[in-house]
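Each chain gets a letter, A, B and so on, in the order its sequence line appears, and its residues count up from 1.
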There are 2 protein chains.
Amino acid sequence: MVTGGNQIHKTAPRGNARARRGDLFTPACPTRKLLDRLGGKWTSMLVKVLGDAGTEVRFAELQRRAPGISRKMLAQTLRDLEADGLVTRRVEPTVPPAVHYALTPLGTTLVGPLDTLRDWAETHMGTIDDHRQRLVRSPA
Amino acid sequence: MVTGGNQIHKTAPRGNARARRGDLFTPACPTRKLLDRLGGKWTSMLVKVLGDAGTEVRFAELQRRAPGISRKMLAQTLRDLEADGLVTRRVEPTVPPAVHYALTPLGTTLVGPLDTLRDWAETHMGTIDDHRQRLVRSPA
DNA sequence: CTGGATCCACACCGATACTG
DNA sequence: CAGTATCGGTGTGGATCCAG
């Protein structure tokens with residue numbers, strides 16, 4: 001994965017967003033691009049946190065609710081999500097500033113599919129881990 | 001859910017086994033681990049190809065149906081999927097050998113959730129691309 | 001409080017050559 | 001046919017310091 005995920009994001013050229021005529025092999029597959037974003041280490045967690053909140057959440061509060069994230073990655077991931085139109089950013093011009101983030105309607109539509117993935121993961125990842133463990137202990 | 005957050009998977013040192021003092025992160029969020037795998041550049045495509053086939057598919061045929069993949073990445077991804085218990089590998093001891101791959105029942109259960117993601121992607125990724133394009137053309 | 005800038009370790013993946 | 005071995009480029013993400 002994540003691919004380092006995946007990708008057009010990891011290895012493919014970035015400048016040319018659109019597939020050009022010669023590119024038979026859909027380098028711009030929507031699913032591939034979506035997985036590239038979700039494959040980011042913090043993207044899905046932030047979508048979930050914002051979705052659960054249902055309202056605006058401030059920067060520091062997001063950092064609290066996403067344990068382990070650094071300020072750099074929090075800012076970077078939020079900027080990406082904002083550029084995607086999945087998250088809104090609202091700055092209160094106070095001193096010091098207060099910045100509020102929330103899911104856009106589009107971002108909200110992503111919560112369901114993510115829940116589907118989470119359900120599958122919570123149901124089956126244990127089985128997968130066990131399977132890998134068996135390979136370690138009894139290699140063919 | 002994604003709240004497990006960090007995981008010694010992508011960046012953390014693997015050789016020096018001991019976590020350092022600050023690391024008190026929850027062991028491993030299943031959703032995070034699933035996305036790490038799906039984030040791989042070819043994983044989801046191979047699952048889809050094998051799912052669509054419904055039967056065993058040979059190595060070379062997989063390479064044909066996953067345009068652009070190299071033999072190295074095909075072999076590596078298939079080995080990972082096999083280790084996860086998502087894919088079976090069957091070798092016919094002929095000369096030259098013929099190797100057949102197929103989804104396990106567990107692997108088949110992953111097809112649905114992936115379809116859900118693909119539906120979302122095909123519906124909304126265009127909107128996301130447009131949103132990013134607007135940022136490029138009309139910067140602040 | 002909310003970031004940006006920089007440095008760097010490491011993991012992913014492509015290209016190529018070799019093997020049984 | 002179906003892999004493995006190796007090299008190297010590139011991107012991701014953590015740590016740390018600086019700034020409005």
Could you give the [atom1]-to-[atom2] distance, from [X] to [N], as a whole number of Å?
X	N	atom1	atom2	value
A/Q63	D/dG14	CD	C1'	13 Å
A/L46	D/dG13	CG	P	12 Å
B/L74	D/dG3	CG	C1'	10 Å
B/E92	C/dG20	CD	C1'	18 Å
A/D36	D/dT12	CG	P	9 Å
B/E82	D/dA2	CD	P	15 Å
B/R90	D/dA2	CZ	C1'	15 Å
B/I69	C/dC12	CD1	P	15 Å

Residue whose nearest DNA chain D nucleotide is more 5′ - A/S70 or A/P97
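The residue mapped nearer the 5' terminus is A/S70.
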Acceptor/donor pairs from residues 72-81 of chain B side chains to any protein atom, 3.5 angstrom cut, sequence neighbours excluded:
residue: B/T77; atom: OG1; partner: B/M73; partner atom: O; Å: 2.7

With a 4.0 Å cut-off, would you call A/D52 and A/K48 a salt bridge?
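Salt bridge flag = yes for A/K48 with A/D52.
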Please determine whether a side-chain nitrogen of the Lys or Arg among A/D36 and A/R32 lies less than 4.0 Å from a carboxylate oxygen of the Asp or Glu.
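Salt bridge between A/D36 and A/R32, a charged N being under 4.0 Å from a carboxylate O: yes.
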What residues, two or more places apart in sequence or in another chain, satisfy side-chain contact (heavy atoms from CB on, under 4.5 Å) together with [X]?
X	answer
B/V91	B/R89, B/V99
B/V57	B/L50, B/A53, B/E61, B/L62
B/T127	A/L106
A/E92	A/R90, A/T94, A/A98, A/H100

Bend angle of the helix from C/dC1-D/dG20 to C/dG20-D/dC1, end axes from five pairs each (to 10°)
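Helix axis angle between the two ends: 40°.
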The side chain of B/K41 lies closest to which of these nucleotides: D/dC1, D/dG20, C/dG14?
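Side chain of B/K41 sits closest to C/dG14.
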Between C/dC1, C/dG14, D/dG13, which nucleotide has the shortest distance from any of its atoms to the side chain of B/M73?
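Looking only at side-chain atoms, B/M73 lies closest to C/dG14.
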Pairs: protein N or O with nucleotides 3-5 of chain C N or O, under 3.5 Å:
residue: C/dG3; atom: OP1; partner: A/R89; partner atom: NE; Å: 3.3
residue: C/dG3; atom: OP1; partner: A/R89; partner atom: NH2; Å: 2.2
residue: C/dG3; atom: OP2; partner: A/Y101; partner atom: OH; Å: 2.5
residue: C/dG3; atom: O6; partner: A/R71; partner atom: NH2; Å: 3.4
residue: C/dG4; atom: OP2; partner: A/R79; partner atom: NE; Å: 3.3

Kindly say if A/R58 contacts the phosphate of C/dC1, meaning a side-chain N or O under 4.0 Å from OP1 or OP2.
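No, because none of the side-chain N or O atoms of A/R58 sits under 4.0 Å from OP1 or OP2 of C/dC1.
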Contacts of A/D119 that satisfy salt bridge (charged side-chain N to carboxylate O under 4.0 Å, His left out) - sequence neighbours left out
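Salt bridge (charged side-chain N to carboxylate O under 4.0 Å, His left out) list for A/D119, sorted by chain: empty.
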Qualifying salt bridge (Lys or Arg N to Asp or Glu O under 4.0 Å) pairs, either residue in residues 101-118 of chain B, two or more places apart
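Matches after skipping sequence neighbours: B/D115-B/R118.
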